[in-house]
S.K.: 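Before we start, here is the structure in question, set down as structure tokens.
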Protein chains: 2
Amino acid sequence: MKDGPDIARIAALIGDPGRANMLAAMMSGKALTARELAGEAGVSSQTASGHLQNLESGGLITRERQGRHHYFRLADADVAGLLETLMGLAAKKGQLRTRTGPRDAELRHARVCYNHLAGDMGVALFDTLLAQGVLKAEGDELHLTELGEAQMRALGISIDQKSRAPMCRECLDWSERRSHLAGRLGRGILDHIYAQGWASRVPDTRIVRFSKTGEASFKAAFGL
Amino acid sequence: MKDGPDIARIAALIGDPGRANMLAAMMSGKALTARELAGEAGVSSQTASGHLQNLESGGLITRERQGRHHYFRLADADVAGLLETLMGLAAKKGQLRTRTGPRDAELRHARVCYNHLAGDMGVALFDTLLAQGVLKAEGDELHLTELGEAQMRALGISIDQKSRAPMCRECLDWSERRSHLAGRLGRGILDHIYAQGWASRVPDTRIVRFSKTGEASFKAAFGL
DNA sequence: CATACAGTTCGCTGGAGCCCGAACCATGGA
DNA sequence: TCCATGGTTCGGGCTCCAGCGAACTGTATG
């Protein structure tokens, strides 16, 4: 009826607690099955199936069939960005759900956001890369400089060249309310962190847990 | 139940078509009365009253009483940013409501977003300011350089010094899918455009209509 | 004072949609 | 072939909430 695109439809999709929990779970970037998502949302698998259909036809998630399993993930980084923005706002307003338990502290320190590193560590990394001239901001575009390209190659970080996703992108951090690095480079760096054994995912959470030596090695490698 | 802040509550508030239309109307930055918003949403004033209470207690809008009128506006720029992000995503997905009439063309060219300039012109301005070194990006922070400060002073642009809002901020443009300038500086520039008579608001819309000479003067002044 | 208008509160109705039980398809393995 | 398992479809119950009519508070204006 009014101008602009249909904002209510998308918001309504996120507005149900069950679906919101599913989406939050998919922020890990991992592809999850319908059953896992049902558990995450605390509903039966029939209900979950319905929700997932809605989310899919709304364009927020995509489905991948493999044998009798259906894997779901967020449709693209834009959706992930929207969710992080929402989380940022929700965290700033209603202090409701911010009982900061020990687990939350870990979440704020280092967690996975879609497929890249977020939290304290993510923000610190991003700041350092900019300060070192590895990244350069032009307008709202982020570029990897030649120096940066050389450095990444020296570290042995492989970057998915085929994908048409942007190489670098900013992503707002809901706990820090600052930006961290997303895009193909962000993904490559996180993969590298896993490959080097510096850190690993805590199962069933978005927490990335660094070992003591791993954190030191990571900081040394990137000059934090 | 799950980690992170309560994202569903906020999304549900935006998820009702009536409330979404009200919020979209408030994106103009103007303070609107309950009746105007009821008309915008196409509901009775009783219903609107209820919606506005919900939005207020959810922290998305604020209320200002003046005599027998109640003026409503978006709570802060973060909320406006969230709405723009949502519009951007909605525009990219469902092509549903994107029948591009003549009015839409004007909207895409120059419109007001909360209290600053968006659309073609907003994006072009932002790019130019960065290229000229008036603005500088550090991390996710935008700074006004000394050169920029001098230039703004030379143009006679006054900036609200008291406010604690950030001086410069990026804001994603839903029609261009690029950033434009927000924050106190963004507001100051738009006010300047009005003051110089370069452009004026089309009543009851978000359109900013430049006169032919006004657009030329604007481009000359900022070196577009 | 009376009148007009902005906004809210109350109570009710109707419909949308969340949810699950049960039954139904599809795949994979014995 | 039969069973186990992941996922979907169908039907009905139930709750929530948007919407409005009617009545009320509060502020202007004559």
Side-chain angles (χ1 to χ4, degrees), chain A residues 1-2 6-26 30-73 96 204, chain B residues 1-2 6-26 30-74 94 96 204:
Chain A
M1 196 193 304
K2 294 287 166 285
D6 194 356
I7 159 179
R9 216 174 96 77
I10 294 186
L13 281 175
I14 311 178
D16 174 77
R19 284 192 296 261
N21 283 334
M22 292 184 181
L23 290 170
M26 285 186 254
K30 263 195 75 152
L32 297 169
T33 69
R35 280 193 116 69
E36 292 168 318
L37 289 167
E40 206 60 43
V43 298
S44 70
S45 58
Q46 306 96 294
T47 311
S49 173
H51 282 319
L52 290 168
Q53 278 177 20
N54 291 337
L55 289 173
E56 188 183 10
S57 64
L60 295 187
I61 64 175
T62 60
R63 172 195 309 247
E64 211 170 319
R65 275 166 248 248
Q66 268 180 33
R68 57 182 170 183
H69 294 270
H70 291 208
Y71 290 100
F72 297 90
R73 57 181 52 175
L96 313 181
D204 296 328
Chain B
M1 191 195 306
K2 293 289 164 291
D6 195 354
I7 158 180
R9 216 173 95 79
I10 293 185
L13 280 175
I14 310 177
D16 174 75
R19 284 192 295 262
N21 282 332
M22 293 184 180
L23 290 170
M26 285 186 255
K30 263 195 74 152
L32 297 168
T33 69
R35 280 193 116 69
E36 292 169 316
L37 288 168
E40 205 61 45
V43 297
S44 71
S45 57
Q46 305 97 294
T47 310
S49 174
H51 282 318
L52 290 168
Q53 278 178 20
N54 291 338
L55 289 173
E56 188 184 10
S57 64
L60 295 187
I61 64 174
T62 59
R63 173 193 309 245
E64 211 170 319
R65 274 167 249 248
Q66 268 180 34
R68 58 181 170 184
H69 294 271
H70 291 208
Y71 290 99
F72 297 89
R73 58 181 50 171
L74 296 185
L96 312 182
D204 297 327

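Numbered from 1 within each chain, the chains take letters A, B, ... in sequence-line order. Not measured: the values here are computed from a predicted model.
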S.K.: Check residues 10-20 of chain A and write down every donor-acceptor pair under 3.5 Å in which the side-chain atom is one partner and the other belongs to a residue at least two apart or another chain.
M.R.:
residue, atom, partner, partner atom, Å
A/D16, OD2, A/G18, N, 3.0
A/D16, OD2, A/R19, N, 3.1
A/R19, NE, A/L13, O, 2.7
A/R19, NH1, A/H51, ND1, 3.1
A/R19, NH2, A/A12, O, 3.3

S.K.: With a cut-off of less than 4.0 Å, is there a side-chain N or O of B/H69 near OP1 or OP2 of D/dG26?
M.R.: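 False: B/H69 side-chain N/O out of range (4.0 Å or more) of D/dG26 OP1/OP2.
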
S.K.: Roughly how far, to the nearest 0.5 Å, is CG of A/L55 from CD of A/Q53?
M.R.: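 Interatomic distance, A/Q53 CD to A/L55 CG, rounded to 0.5 Å: 10.5 Å.
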
S.K.: Would you mind writing out the side-chain donor-acceptor pairs for residues 41-48 of chain A within the sub-3.5 Å range, not counting sequence neighbours?
M.R.:
residue, atom, partner, partner atom, Å
A/S44, OG, A/Q46, OE1, 3.1
A/S44, OG, A/T47, N, 3.4
A/S44, OG, A/T47, OG1, 2.9

S.K.: Whole-Å distance between C/dC18 P and A/I14 CD1?
M.R.: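 A/I14 atom CD1 is separated from C/dC18 atom P by 14 Å.
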
S.K.: Could you check how far CD of B/E64 sits from C1' of C/dG7, rounded to whole Å?
M.R.: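 Checked: the CD to C1' distance equals 16 Å.
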
S.K.: Pick out the pairs of N or O atoms, protein on one side and nucleotides 26-30 of chain C on the other, that lie under 3.5 Å.
M.R.:
residue, atom, partner, partner atom, Å
C/dT27, O2, A/R68, NH1, 3.0

S.K.: For a quick test of reading the model, state the closest non-hydrogen atom pair linking A/R9 to A/G58 and the distance between them.
M.R.: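 Looking at all heavy atoms of both residues, the closest pair is NH2-CA, 3.5 Å.
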
S.K.: Taking CD from B/Q53 and C1' from D/dC17, how many angstroms apart are they, rounded to a whole number?
M.R.: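 Distance check: B/Q53 CD to D/dC17 C1' gives 14 Å.
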
S.K.: Does anything in residues 43-52 of chain B form a salt bridge (Lys or Arg N to Asp or Glu O under 4.0 Å)? List the pairs, not counting sequence neighbours.
M.R.: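 Residue pairs passing salt bridge (Lys or Arg N to Asp or Glu O under 4.0 Å), neighbours aside: none found.
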
S.K.: Taking C-beta and beyond as the side chain, do B/T62 and B/F72 meet within less than 4.5 Å on heavy atoms?
M.R.: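 No; the side chains remain at least 4.5 Å from each other.
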
S.K.: How long is the line joining CG of B/L52 and C1' of D/dC17, in whole Å?
M.R.: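 Checked: the CG to C1' distance equals 16 Å.
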
S.K.: What are the atom names and distances for every N/O pair under 3.5 Å that joins the protein to nucleotides 19-23 of chain D?
M.R.:
residue, atom, partner, partner atom, Å
D/dG19, OP2, B/H51, NE2, 2.9
D/dC20, OP2, B/S44, N, 2.9
D/dC20, OP2, B/S44, OG, 3.1
D/dC20, OP2, B/T47, OG1, 3.4
D/dG21, N7, B/Q46, NE2, 2.6

S.K.: Within the 4.0 Å heavy-atom criterion, would you say A/R65 contacts the bases, only the backbone, or no part of the nucleic acid?
M.R.: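 If one applies the 4.0 Å heavy-atom cut-off, A/R65 turns out to touch nothing in the nucleic acid.
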
S.K.: Taking atom P of C/dA16 as reference, at what distance in whole Å does atom CZ of A/R9 sit?
M.R.: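 It works out to 16 Å between those atoms.
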
S.K.: Can you tell if the side chain of B/T33 reaches within under 4.5 Å of the side chain of B/Y71, non-hydrogen atoms only?
M.R.: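 Sidechains of B/Y71 and B/T33: in contact.
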
S.K.: I need the full list of salt bridge (Lys or Arg N to Asp or Glu O under 4.0 Å) pairs touching residues 45-57 of chain B, with sequence neighbours left out, sorted by first then second residue.
M.R.: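 Checked against salt bridge (Lys or Arg N to Asp or Glu O under 4.0 Å) - neighbours excluded - the pairs reaching residues 45-57 of chain B are B/E56-B/R63.
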
S.K.: Between C1' on D/dA18 and CE on B/M22, what's the gap in Å once rounded to a whole number?
M.R.: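 The distance from CE of B/M22 to C1' of D/dA18 comes to 11 Å, rounded to the nearest Å.
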
S.K.: Within this structure, what is the CG-to-P distance between B/N54 and C/dG7, rounded to whole angstrom?
M.R.: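 To the nearest whole Å, that distance equals 17 Å.
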
S.K.: Any side-chain N or O of A/R19 under 4.0 Å from OP1/OP2 of C/dC18?
M.R.: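 Yes, within the criterion.
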
S.K.: Could you state the CG-C1' distance from A/L55 to D/dG7, rounded to the nearest angstrom?
M.R.: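 Taking CG of A/L55 and C1' of D/dG7, I get 16 Å after rounding.
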
S.K.: Find the distance between CG (B/L52) and CG (B/L60) and round it off to the nearest 0.5 Å.
M.R.: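 So the gap between those two atoms works out to 11.5 Å.
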
